[in-house]
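Labels below follow one simple rule: chain letters A, B, ... track the order of the sequence lines, proteins then strands, and each chain is numbered from 1. Fair warning: this is a prediction, and the values are worked out from it, not measured in the lab. Just the heavy atoms: all of them, side chains too, but no hydrogens, waters or symmetry mates, feed the values below.
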2 protein chains.
Amino acid sequence: MFTSDFPIFYVTVDVVLFAVREGRLEVLVVRRGEAPHEGRWALPGGFVGDDEELLAAARRELVEETGIAGEGLALEQLKTFGAPDRDRRPHRVVSVAYLAVTPNAELPTAGSDAREAEWRPVDDVTGHLAFDHDEILAEARARVASKLEYTRLAAAFLPPTFTIAQLRGVYEAVWGLAIDPGNFQRKLRAATDFLASTGESVKPAGGRGRPAEVFRAIGEPFEALAVPVPRSSM
Amino acid sequence: MFTSDFPIFYVTVDVVLFAVREGRLEVLVVRRGEAPHEGRWALPGGFVGDDEELLAAARRELVEETGIAGEGLALEQLKTFGAPDRDRRPHRVVSVAYLAVTPNAELPTAGSDAREAEWRPVDDVTGHLAFDHDEILAEARARVASKLEYTRLAAAFLPPTFTIAQLRGVYEAVWGLAIDPGNFQRKLRAATDFLASTGESVKPAGGRGRPAEVFRAIGEPFEALAVPVPRSSM
DNA sequence: TTGCTTGTTGTCGACCTGACAACTACTGTC
DNA sequence: GACAGTAGTTGTCAGGTCGACAACAAGCAA
């Protein structure tokens with residue numbers, strides 16, 4: 001009935017997957033194996049299937065292209081990019097970008113069916129990605145920084161159980177500023193809807209020092225907190 | 001080369017246009033003139049053109065379907081909805097939803113080429129829209145409420161110049177709570193990056209009372225404020 | 001035992017918030 | 001024109017939060 005009345009699009013998903021490694025915010029990038037932009041770094045992503053949810057497509061592409069474990073992955077829609085000239089190929093391509101965070105920053109060893117994927121510090125790849133992926137990355141970075149303030153997303157950077165110091169490390173890495181350990185401790189312990197004590201404790205990061213209490217995060221990663229953790233010069 | 005390798009989509013834009021009328025948050029809806037969902041209320045929207053930006057398509061559809069004045073309109077991408085079964089027509093339809101706010105809540109008089117459009121209180125239409133537009137409306141409502149806290153969006157509900165009391169009315173309508181006039185006054189006057197005095201003053205809303213100072217908003221509607229206007233029991 | 005390191009709690013002044021009273025500058029009415 | 005009424009604006013103040021920094025706790029290494 002309206003088969004040719006309206007323009008036809010391809011729809012893709014692109015995923016900005018973040019992790020904190022060695023105190024830095026890093027992003028997962030893949031090297032493109034085909035034109036256009038062959039050989040350049042890009043965000044993992046691909047075409048949405050015929051009967052596939054957008055979110056499911058994002059998760060599938062991430063696993064297919066990088067071999068990263070899909071479990072424990074926090075995914076949220078970021079923004080849709082659809083400029084007419086954003087892809088040089090015939091037909092327009094609209095891409096729905098997803099923001100993702102993982103604690104499993106280890107990539108599968110070579111030999112798997114994963115494409116050439118690599119963790120890179122966000123600061124290093126900014127300005128060097130294919131397509132409009134620099135713009136997507138910038139948007140994702142701003143979003144994740146802002147989400148740390150009023151959601152539980154920081155915990156998604158860490159394994160199921162963690163210490164308050166580890167959590168502080170996530171905030172410091174993403175925000176790029178130093179946070180007072182004492183004040184952070186008090187703030188996070190005061191919030192009743194974020195952390196639950198496990199009763200256990202572990203040796204601190206450097207091996208030396210007083211053991212730290214171990215916590216577990218309550219709730220879903222993108223769920224809002226009752227009281228935010230404000231970024232302002234904490 | 002990959003003409004038939006990947007699924008084909010139609011891409012539409014839907015616009016959630018808000019205004020504050022008589023102290024209530026209202027949304028612009030149109031009555032659908034054709035199947036599917038013929039005769040039901042829906043959000044204004046339509047197909048994206050061949051060489052058209054998504055944002056431009058949203059603005060165009062809004063003007064075409066409702067005849068609303070395009071000037072002074074604040075538009076921001078909200079979220080993309082692409083469930084496989086969200087449209088019963090052949091081919092998948094992915095819709096990019098936009099959030100919009102206007103001070104010009106007047107519709108053109110009958111006889112123009114605008115479709116049957118109407119302002120309705122958000123509470124009244126919630127749960128009665130076509131397609132997945134209820135979901136879109138809920139998302140938009142949450143977004144606009146949250147944006148009032150940390151952007152200048154509230155001013156986009158008002159004409160270029162306005163009083164602090166009018167601005168307070170916007171916050172009260174969107175948040176659905178009463179705000180202390182004195183504290184609100186002080187808070188907004190303290191912020192140097194939101195309001196600029198015009199030196200003029202006007203008679204208050206009810207005709208009676210002390211004249212109010214007239215202000216003009218600084219900056220872009222979706223630009224962030226240095227200090228937020230927190231919703232918490234103000 | 002002595003340092004050293006990291007986690008955790010205490011302290012305190014500065015600032016911000018919310019409740020509410022008081023005051024100002026008008027309009028409409030008697 | 002005095003008076004009441006109304007809405008905008010400023011004042012006050014107790015309570016809470018924030019951030020800087022000191023102090024304490026609990027382990028490890030030499």
Side-chain angles (χ1 to χ4, degrees), chain A residues 22-23 148-150 158 161-173 175 177-216 225-234, chain B residues 22-23 148-150 158 161-173 175 177-216 225-234:
Chain A
E22 299 165 13
L148 285 203
E149 293 194 41
Y150 58 95
L158 299 172
T161 64
F162 51 86
T163 69
I164 292 187
Q166 284 179 288
L167 191 64
R168 177 166 48 85
V170 170
Y171 280 91
E172 291 182 327
W175 288 348
L177 48 83
I179 296 173
D180 182 283
N183 294 335
F184 186 82
Q185 183 94 212
R186 203 187 349 266
K187 178 105 195 172
L188 271 288
R189 280 175 182 271
T192 58
D193 63 341
F194 194 176
L195 302 182
S197 173
T198 62
E200 298 173 12
S201 57
V202 291
K203 289 197 292 185
R208 290 173 284 277
R210 168 173 171 177
E213 196 173 345
V214 175
F215 292 85
R216 181 187 318 280
L225 288 169
V227 293
V229 182
R231 203 181 330 190
S232 55
S233 65
M234 184 158 177
Chain B
E22 299 164 14
L148 285 204
E149 295 194 39
Y150 58 96
L158 299 172
T161 63
F162 51 86
T163 69
I164 291 187
Q166 285 178 287
L167 191 63
R168 176 164 50 86
V170 171
Y171 280 91
E172 291 181 326
W175 289 347
L177 49 83
I179 296 174
D180 182 283
N183 294 335
F184 186 82
Q185 184 93 212
R186 204 186 349 264
K187 178 106 196 170
L188 271 287
R189 280 175 182 271
T192 57
D193 62 342
F194 194 176
L195 302 181
S197 174
T198 63
E200 298 174 10
S201 56
V202 292
K203 289 197 292 187
R208 286 174 284 278
R210 169 173 169 176
E213 196 173 346
V214 175
F215 292 85
R216 181 188 318 279
L225 287 170
V227 294
V229 182
R231 201 181 333 191
S232 56
S233 65
M234 184 158 178

With the side chain counted from C-beta on, respond yes when [X] and [Y] share a heavy-atom pair under 4.5 Å apart, and no when they do not.
X	Y	result
V202(B)	T161(B)	no
F194(A)	K187(A)	no
W175(B)	E149(B)	yes
V229(B)	L148(B)	no

- line: Residue pair V214(B)/G209(B) against DNA chain D: nearer the 5' end by closest nucleotide is G209(B)
[X] [atom1] - [N] [atom2] separation (whole Å):
X	N	atom1	atom2	answer
R168(B)	dG8(D)	CZ	P	6 Å
Y171(B)	dG18(C)	OH	P	14 Å
R186(A)	dG16(D)	CZ	P	16 Å
L177(A)	dA20(D)	CG	P	11 Å
N183(A)	dT11(C)	CG	C1'	11 Å
E213(B)	dA7(D)	CD	P	19 Å
I179(A)	dG7(C)	CD1	P	14 Å
K187(A)	dT17(D)	NZ	P	8 Å

message: Just to be sure I understand the rule, does R189(A) reach a base, reach only the sugar-phosphate, or reach nothing, if contact means heavy atoms closer than 4.0 Å?
response: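 Result for R189(A) = sugar-phosphate.
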query: Which nucleotide sits closest to the side chain of R210(A): dG10(C), dT8(C), dT27(C)?
result: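 Nearest to the side chain of R210(A) among the choices is dT8(C).
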task: Can you figure out which of dC21(D), dG7(C), dA19(C) approaches the side chain of D180(B) most closely?
output: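 The closest nucleotide is dA19(C).
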side-chain N/O Q185(A) vs dG7(C) OP1/OP2, d < 4.0 Å: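 Negative; the distance criterion is not met.
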